[in-house]
Amino acid sequence: MLRRLEERQHILDGGVNPYPNHFDVSHFSTDIIINFQEDVHEPVSVAGRIMTIRKMGKASFFHIQDSKGRIQIYLKKDDVGEATYDTFKLLDIGDIVGVKGYTFKTRTGEISIHAEKLKLLTKSLRPIPVAKEKEVDGEKVIFDAFSDKELRYRQRYVDLIVNPEVKETFIKRTAIVSFMRQFFSRQGWLEVETPILQPIYGGAAARPFTTHHNALDMQLYLRIANELYLKRLIVGGFDGVFEFAKDFRNEGIDRFHNPEFTQVELYVAYKDYNWMMKLVEELFYQTALEVNQSDVTIFLGNEINLKPPFRRLSIIDAIAEYTGKDIRGKSEEELRFTAKDLGLELDPKISSGKIIDEIFGEFVEPKLIQPTFITDYPTEMSPLAKEHPSQPGIVERFELIVGGKEVCNSFSELNDPVIQRERLESQARLRQRGDEEAMIIDEDFLRAIEYGMPPCAGLGIGIDRLVMLLTGQDSIRDVIFFPHLKPE
RNA sequence: GAGAAUAUAGCUCAGUCGGUAGAGCAUCUGCCUUUUAAGCAGAGGGUCGAAGGUUCGAGUCCUUCUAUUCUCACCA
């Protein structure tokens, strides 16, 4: 770096600005290569970062990388003049340059640009970790790639420069979100924004991040979900609302969890969870076709097929199928016995619903590889969901499990304000008993639904996990630009 | 929170039994006007994650700490 600082000064002393203000670009690297015609020397102007250099005495080759890809540049002293060629000799891998010239094909058959003008656009002071590539039997072999995960996450900008497949993943992430946004908007539903700073957090069971507003001298929370605000908007008369939301949960970090993550939540009036299942099937299928041109993807080592319909299985039937235990109508004591019989150690304080969830999470969920809707959860685990009209104690709820992981959660929303109040009060009692994740009573939310919320179906999709699914990444850190790490 | 592994040059990695710190790429100098992991000749580059300890002597052995990775636990 010291050497490059000197070089920067050297360039300055030579009357050249190493950081000029603009450069006119006419083409992207990849477009030049795609549209190349033999015997046509098309004039082009490109800009990008120098990624390889092969210097010879009076002529040189180098590759520049722009936002789309790479292209080789041929620079000859006779063509650009001695001054430019001397400046070029001072350049390093990592510097950003602009090149004006014309297209041609080299003796070895690579489509390249024959430079007529070269301009330094940005001097790079730190060496980038260059990986060398070689083609062996038509396949690219990369030598000494920048692969240290810690460095890649801490210096994502470097990761993006030198590892093109990383860039692809993030481009796909944006494509997925854009497609979903269009998909919802085309139905006439409204994309909205609701508060991230909330005086009362709710809509999910999780520990929040806490902050403080100075002027109001009050505690605020970063939202763990936006469910209760979107429902207020359904009360307000919108038929469908959705929000791509950053949510924050003050919990552990692993390859499926980041403290801040993205969810899309959607609420549609007059619909129920059966309708929502169909929507989710269609959404996943079409999104896959849009971004992958295929309904098959590899997720956590398994080939996943996203062609509808997805299997539907109630949580009770799922447990019966995978453990052989019929738990329908069983009392808390019987459930505890069943769990013990299966070899599951349980906290003696937890109740029926939680026991069912534990059995499901331990013996069933990891085995659900192909997309499966698990439906009809115990009411107790779902304080915001509406009960099944014919099955007491069971709510109209589903989760979509893919590759053994939950990717979305949905229910017919509870809109009876009296029952909703009872459910939240029972949550408050759990909280008093020390359940830190039990919900807090949000009086304004209750007031809103007391005015009347139409029947409605709600959905939450974990965008990070969906992106993992559709890009074949096994860690949430590989689909978030700047995943959370401890400070250096 | 528990266990395992890792930490050596800008990057990717070797380093044997405890005895002067190594390679490739990158960098620098020279040569080279169609190269592509360019080539040839030479050179520089290190507080071996941090702090202690054992030892005549520690990259190597021991202790503690820090960070990361993986697995498990937690997280509907």
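The structure presented is a predicted model; accordingly, all values stated were derived computationally and were not measured. Letters A, B, ... are given to chains in the order of the sequence lines, protein chains preceding strands, and every chain is numbered from 1.
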message = With a 3.5 Å distance limit and no angle check, can you tell me whether A/Glu413 reaches the backbone of A/Lys231 through a side-chain donor-acceptor pair?
response = no

So OG of A/Ser124 and CD1 of A/Ile93: to nearest 0.5 Å the spacing works out to 10.5 Å

Closest of B/rA76, B/rG10, B/rU35 to the A/Arg107 side chain is B/rU35

Between CG of A/Leu485 and P of B/rA67 the distance, given in whole Å, is 11 Å

- Can a donor-acceptor pair under 3.5 Å be found between the side-chain atoms of A/Asp254 and the base atoms of B/rC75? no

> Does the cation-pi check pass for A/Lys386 over A/Tyr273, that is, NZ or CZ under 6.0 Å from the six-membered ring centre and within 45° of its axis?
Replying inline: no

Exercise for the section: With heavy atoms under 4.0 Å as the rule, sort A/Glu110 into base, sugar-phosphate or nothing. Expected result: base

#### Entry: Candidate pair A/His257 and A/Asp254, rule side chain to side chain donor-acceptor pair (under 3.5 Å), full reasoning
CA-CA 5 Å; A/His257 298 87; A/Asp254 63 27; 2.9 Å; yes

Walking RNA chain B from its 5' end, the first of A/Ser147 and A/Lys486 to be reached, judged by nearest nucleotide, is A/Ser147

What integer number of Å spans the P atoms of B/rU29 and B/rA50? 32 Å

Partner of A/Lys105 under salt bridge (Lys or Arg N to Asp or Glu O under 4.0 Å), picked from A/Glu42, A/Glu110, A/Glu38, is A/Glu38

All heavy atoms of A/Phe62 vs all of A/Ile64, minimum pair found to be CE1-CG2, 3.6 Å

Original post:
Sub-3.5 Å donor-acceptor pair from the side chain of A/Ser60 to the main-chain atoms of A/Leu75, do we have one?
Top reply: no

More than 12 foreign heavy atoms under 6.0 Å from CD of A/Gln37: is that the case here? no

A/Asp92 CG to B/rC25 P, in whole Å, measures 17 Å

query = Base, sugar-phosphate alone, or nothing: which one does A/Phe261 contact when heavy atoms must sit under 4.0 Å apart?
reply = nothing

Of B/rU69, B/rA67, B/rA76, the nucleotide closest to the side chain of A/Arg154 is B/rA67

Note: contacts of residues 50-84 of chain A with RNA chain B (heavy atom, under 4.0 Å) are A/Arg54, A/Lys55, A/Met56, A/Gly57, A/Lys58, A/Ala59, A/Phe61, A/His63, A/Gln72, A/Tyr74, A/Lys76, A/Asp78

Against the side chain of A/Arg255, the closest entry in B/rC75, B/rC11, B/rU71 is B/rU71

Applying the Watson-Crick and G-U criteria (both distances under 3.5 angstrom) with [ ] for crossing and | for other-strand pairs, one obtains for RNA chain B (((((((..((((.....[..)))).(((((.......))))).....(((((..]....))))))))))))....

Nearest heavy-atom contact between A/Asp478 and A/Tyr153 is OD1-OH, 3.0 Å

When rounded to whole Å, the CG to P distance for the pair A/Asp159 and B/rU12 reads 11 Å

The nucleotide from B/rA37, B/rU69, B/rA26 with an atom nearest the side chain of A/Val130 is B/rA26

In whole angstroms, the gap separating P of B/rA76 from CE of A/Met439 amounts to 10 Å

Suppose we call two aromatic rings close when their centres sit under 6.0 Å apart. Are A/Phe310 and A/Phe373 close by that rule?
yes

Select base, sugar-phosphate, or nothing to describe what A/Leu151 touches, counting heavy atoms under 4.0 Å on all strands. sugar-phosphate

Please state the C1' separation for the pair B/rA9 and B/rA5 - nearest whole angstrom. 23 Å

B/rU34 phosphate, OP1 or OP2, under 4.0 Å from A/Lys105 side-chain N/O: no

With the side chain defined as heavy atoms from C-beta on, A/Ile93 is closest, among B/rU34, B/rU27, B/rA76, to B/rU27

In whole angstroms, the gap separating C1' of B/rC11 from CD1 of A/Ile161 amounts to 14 Å

Counting just side-chain N and O atoms, does A/Arg152 come under 4.0 Å of either OP1 or OP2 of B/rU68? no

